[in-house]
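For reference, the structure is listed below as structure tokens.
Letters A, B, ... are given to chains in the order of the sequence lines, protein chains preceding strands, and every chain is numbered from 1.
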Amino acid sequence: MDTYSPTEVEVKWQNRWDELGTNLFSREDLASAKNPYFNLMMFPYPSAEGLHVGNIYAYTGADVWGRYQRLLGHDVFQPMGFDAFGIHSENYALKVGVNPNDLIPSNISNFTRQLRRIGAMFDWNHTVDTTAPDYYRWTQWVFLKLFEAGLVEKRKAPVNWCPSCKTVVSNEQVIQGLCERCDSAVEQRQIEQWFLKITAYAQRLLDGIERIDWSSRTLIAQNNWIGRSEGADIDFPVVGRNESIRVFTTRPDTICGATYMVLAPEHPLVDALAHEDQREAVDEYVEQTKQLDLKARQYVDRPKTGTWIGANCENPITGAEMPIWVSDYVLIEYGTGAIMAVPGHDERDFEFADTFDLPIKRVIARNGAANAEPMTEAYVSDGVLVNSGEFDGLTVADGKRAIVEKLEANSLAAGQVRYRLHDWCISRQRYWGPPIPIVYCDECGAVPVPESDLPVLLPKLEQFKPDDSGESPLARDKDWCTTECPKCGGSATRETDVSDTFLDSAWYFMRYPCTDSDDVALDSEMIQKWLPVDSYIGGHEHAVLHLLYARFVTMAFNDIGILDFGEPFEKFRAHGILTKDGRKISKSRGNIIVPDDLIAEWGADTVRLYLMFLGPFEQGGDYSETGIRGPASFLDRIALSVSEAIEGEADEQVLKAMHRTIDKVSNDIAQLKYNTVISALMEYLNVVREGGRSCVKQEVEPLVVMLAPFAPHLAEELWESLGHETSIFDSGRWPEADPELAKVETFDIGVQVNGKLRGSISVTVDSTEEEALALARSDERVATYLDAGDVRKTIYVPGRILNVVVK
RNA sequence: GCCCAGAUGUUGGAAUUGGUAGACAAGCUGGCCUUAGAAGCCAGUGCCUUAGUGGCGUGAGGGUUCAAAUCCCUCUCUGGGCACCA
């Protein structure tokens with residue numbers, strides 16, 4: 001018998017879907033949808049290589065979900081777009097010497113071709129391309145809205161600076177302190193940049209985590225990234241001056257063990273407090289720190305360095321005098337940029353004290369008994385306070401409370417919460433991004449471009465390579481830079497930095513249902529209907545940045561009144577990673593697999609089924625083509641069975657198996673366990689075909705529906721051959737299991753004697769323990785073991801096990 | 001260093017969440033059919049074995065239990081993320 005020809009079937013249905021608009025919405029469709037379901041997946045960066053098999057894996061899994069929702073009766077909106085701005089595209093364009101303006105469109109059309117070929121039900125009527133002026137016009141609008149709300153700020157921030165290339169380089173481009181391109185030592189430099197004040201939302205971003213249905217590992221990553229710590233701000237008076245140093249600590253209980261203070265090199269008091277005898281050493285040290293690139297500065301295993309600034313301060317609890325040091329292991333951007341150093345109970349302080357011979361004092365002991373021996377490492381575990389005067393004997397938790405209370409009474413401390421989350425720097429001194437819509441006027445300062453003047457078009461520069469000016473290449477286009485001030489009409493110049501790609505992707509999902517509108521970014525009717533997103537599927541690599549930024553923009557827009565919800569994604573699931581021979585698939589490893597040939601050979605349905613069969617979707621799997629034959633022959637057999645199916649009554653045993661299958665499949669698909677869904681369908685087909693019997697239409701129709709999310713083309717073909725005239729995704733309904741039929745009545749359960757399996761018996765749900773035991777005894781083998789001693793205990797779990805304890 | 005995930009036949013993986021370990025596939029072996037097979041169909045396939053109605057077996061070691069891949073403790077390894085965050 002002939003097997004079916006995938007390519008023919010797939011092309012036929014892809015064409016028909018296009019002709020009938022099966023997966024396409026018009027604006028009216030979107031407006032009138034009765035049961036809207038927004039199925040979102042992370043849009044790709046359209047690289048020149050095209051989609052690789054890892055992308056196909058991710059999109060297939062998300063498409064399976066969308067098609068399943070559609071079969072449940074939802075109006076599923078499943079758009080796709082392209083995240084085409086950014087340094088990635090720009091660097092590639094530089095490498096091949098083609099302008100990104102010319103490169104991106106062909107990449108996009110190649111991606112679109114590939115995405116169509118896998119048969120995902122994308123609504124190509126609603127697509128976005130972040131580099132299109134009618135998209136980034138609205139990205140600029142997003143910036144302006146945040147600006148109006150006071151959530152945008154310009155300030156100096158350190159960047160990596162290559163003195164040889166005379167340009168800003170990203171952290172990724174710094175290799176062991178050297179510039180990736182020219183190998184010269186990279187240093188840090190302070191430049192003015194635009195920041196979005198995401199830190200204002202730190203607590204709300206944290207609180208929201210409680211409410212949303214996301215993969216727990218993603219939530220844990222966000223939680224750690226936001227990094228809330230509770231502690232206290234404590235003032236340490238400077239000896240001989242009317243000033244004090246404020247520090248933040250999470251361990252106020254260890255204050256009696258503080259033996260010195262440390263200021264970050266950028267701390268303003270370094271200069272103010274440095275004694276003239278030490279000034280030279282201090283200046284030299286601070287200068288030396290500046291020479292480091294940002295990555296080297298944060299390298300944990302670097303030996304501790306620093307110098308005494310020639311001043312001391314007083315411990316507000318013990319009154320002891322403590323020297324003030326400056327060291328780059330203290331970071332200006334966290335806490336107050338100054339710490340009280342407790343070498344006995346902090347590993348970094350211990351290392352520093354050890355290096356510079358500073359006193360180390362134990363103030364916490366496991367059982368509250370301080371021994372006099374010198375400490376050899378920091379003790380960071382829980383315990384009881386010692387050597388702490390009136391606080392001796394308190395636990396760490398009680399000690400924290402008591403000490404902060406005492407200091408607060410003297411106005412020397414205040415309880416504080418800090419976050420490690422930083423404000424979001426969106427300035428990029430590069431070419432390939434949306435220009436930040438700001439102009440600088442001598443009279444009026446930094447002025448936002450009025451909404452009506454958007455977009456600020458990115459000019460097509462022939463030379464877009466960063467040069468030695470240190471500014472964005474846009475600064476070289478003098479015509480473009482010169483403009484007039486929207487406020488006073490005087491002459492002004494444009495901001496030449498472009499914004500971070502993550503700003504493009506922080507709101508793209510809101511734009512999808514609104515692409516029919518040219519005059520507004522967000523069409524409130526559509527937003528009302530389709531947002532927040534019902535389900536979002538994407539890679540775990542975006543667990544923090546992208547997902548956090550999207551949440552931040554949503555919350556800010558909620559506050560501004562643009563949106564009436566505060567969380568963009570009700571449900572998020574991170575798909576697993578596809579590896580090859582256990583290694584990540586990446587261009588740098590040279591193990592990229594382009595799926596085109598594979599699809600040409602086996603067909604999209606087989607490739608889809610194979611990828612989903614590899615392992616649990618949230619876990620990923622290892623790609624090796626050897627196993628593809630299994631899913632391929634499964635599709636062959638299913639096609640054969642359906643084409644030969646006859647009219648008539650379903651066999652009773654088959655019917656029962658069918659309902660058990662529906663039950664399992666419905667359960668597992670909802671949990672994204674696609675691999676066990678497929679194996680359950682295979683098992684059922686084996687039952688249907690048992691002994692080469694010809695099957696009945698009624699037995700296979702639900703099978704075709706359950707197959708449809710995975711192999712949509714073949715499912716359509718078989719659905720048609722079963723006599724249906726409209727698409728299975730319009731006329732099919734996900735089958736429901738009849739609990740009566742799905743019920744298992746007889747079980748073969750194991751019989752154990754003393755926990756070891758000795759036989760098996762066939763029982764019903766209603767079989768009593770006595771009946772089960774009698775049955776077990778009738779088994780000669782079991783009987784031998786039972787007769788070896790007295791029965792002490794019998795454990796009978798109906799439908800599961802019979803275990804007899806014999807002694 | 002910290003956090004997260006994981007380790008099951010030759011391979012991918014399954015196991016009703018504490019109840020017959022290895023479902024479903026791949027691979028391999030043998031058979032049928034075929035001019036032919038990277039097609040289809042059938043059978044076998046965890047290891048040991050004195051072949052038993054036997055023993056062992058889910059990274060290692062210990063524990064709880066009538067019963068552990070599953071729960072607890074200790075450790076090893078692998079993948080991923082964060083990283084001088086006071």
Side-chain angles (χ1 to χ4, degrees), chain A residues 1-3 216-218 220-221 223-225 227 229 231 247-251 254 262 297-302 304 327-331 333-336 338-342 345-349 351-352 418-422 540-541 543-544 576-577 579 582-584 610 613-616 618-634 636-637 640 664 667 673 675-676 678-683 686 689 692 744 747-761 779-785 792-797 799-806:
Chain A
M1 189 57 64
D2 283 348
T3 52
S216 67
R217 61 187 180 134
T218 311
I220 289 167
N223 195 55
N224 293 343
W225 187 263
S229 1
V247 304
F248 171 68
T249 178
T250 56
R251 296 296 305 274
T254 61
V262 188
R297 168 79 191 266
Q298 284 162 13
Y299 183 56
V300 186
D301 293 337
R302 226 171 89 242
K304 296 280 180 285
S327 173
D328 61 13
Y329 85 91
V330 174
L331 308 174
E333 64 268 19
Y334 187 78
T336 61
I339 62 157
M340 65 174 203
V342 184
H345 304 283
D346 180 281
E347 282 161 14
R348 296 148 301 173
D349 295 347
E351 194 191 330
F352 190 86
R418 305 261 176 192
Y419 305 89
R420 60 196 307 175
L421 181 69
H422 288 67
H540 189 251
E541 68 273 20
V544 279
I577 300 296
T579 56
R583 325 178 56 176
K584 211 167 154 180
Y610 162 66
F613 188 53
L614 275 179
E618 291 184 83
Q619 197 182 292
D622 197 65
Y623 176 89
S624 82
E625 282 162 39
T626 55
I628 200 167
R629 206 162 290 141
S633 71
F634 170 64
D636 274 343
R637 282 181 286 133
L640 190 68
K664 173 161 179 67
N667 245 306
K673 288 156 118 185
N675 58 329
T676 54
I678 294 165
S679 66
L681 297 179
M682 288 171 166
E683 274 178 271
N686 290 343
R689 289 166 59 89
V744 182
F747 302 86
D748 288 330
I749 66 167
V751 177
Q752 297 180 335
V753 178
N754 291 338
K756 284 203 184 283
L757 187 72
R758 298 300 180 190
S760 88
I761 53 173
D779 182 317
E780 200 185 313
R781 181 182 163 199
V782 174
T784 330
Y785 283 96
R792 289 294 167 92
K793 194 176 175 185
T794 309
I795 296 103
Y796 174 60
V797 185
R800 297 279 161 77
I801 198 87
L802 174 69
N803 187 11
V804 186
V805 184
V806 170

Next item on the list: Grab the CD-P distance between A:Glu618 and B:G13 for me, whole Å please.
Entry: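 From A:Glu618 CD to B:G13 P: 15 Å.
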Check: Looking for any heavy atom pair under 4.0 Å, which part of the strands does A:Val797 touch: base, sugar-phosphate only, or nothing?
Finding: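 Counting heavy atoms under 4.0 Å across all strands, the contact made by A:Val797 includes a base.
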Check: Contact class for A:Asp349 (heavy atom, under 4.0 Å): base, sugar-phosphate, or nothing?
Finding: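 Nothing, no nucleic acid heavy atom in range.
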When you measure from the side chain of [X], which nucleotide among [options] comes out closest?
| X | options | result |
| --- | --- | --- |
| A:Arg689 | B:C3, B:C4, B:C41 | B:C41 |
| A:Ser633 | B:G19, B:G40, B:A86 | B:G40 |
| A:Ile795 | B:G12, B:C4, B:G19 | B:G19 |
| A:Asp328 | B:C84, B:G13, B:G19 | B:C84 |
| A:Ser679 | B:A67, B:C82, B:A23 | B:A23 |
| A:Asn675 | B:A86, B:A83, B:G13 | B:G13 |
| A:Leu331 | B:G19, B:C84, B:G40 | B:C84 |
| A:Phe613 | B:C3, B:C24, B:A26 | B:C24 |
| A:Asn686 | B:C24, B:A86, B:A14 | B:C24 |

Note to self: What stems show up for RNA chain B when you take Watson-Crick pairs (N1-N3 plus N6-O4 or O6-N4) and G-U wobbles (N1-O2, O6-N3), both under 3.5 Å, and require three or more consecutive pairs?
What the structure shows: B:1-7 with B:76-82, B:10-12 with B:24-26, B:27-32 with B:40-45, B:46-48 with B:54-56, B:59-63 with B:71-75
Notebook entry, point to check: With the threshold set at 4.0 Å, does a side-chain nitrogen-carboxylate oxygen contact exist between A:Asp328 and A:Arg302?
Noted result: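 Judged by the 4.0 Å cut-off on N to carboxylate O distance, A:Asp328 and A:Arg302 do form a salt bridge.
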Margin query: Need to verify one output field. Residue with the more 5' nearest nucleotide on RNA chain B, A:Met682 or A:Ser216?
Written below: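 Upstream on the strand: A:Ser216.
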Next item on the list: Could you check A:Phe747 against A:Thr250 and say which one's nearest nucleotide on RNA chain B is further toward the 5' end?
Entry: A:Phe747
Next item on the list: Can you sort out the partners of A:Lys673 under side-chain hydrogen bond (donor to acceptor under 3.5 Å, both in side chains), two or more places apart, ordered by chain and number?
Entry: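 Once residues adjacent in sequence are excluded, A:Lys673 has no partner under the side-chain hydrogen bond (donor to acceptor under 3.5 Å, both in side chains) criterion.
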Margin query: Within the 4.0 Å limit for protein heavy atoms, which parts of nucleotides 43-55 of chain B are touched? Write it as a string from 5' to 3', B for base, S for sugar-phosphate only, - for none.
Written below: ----------BSS
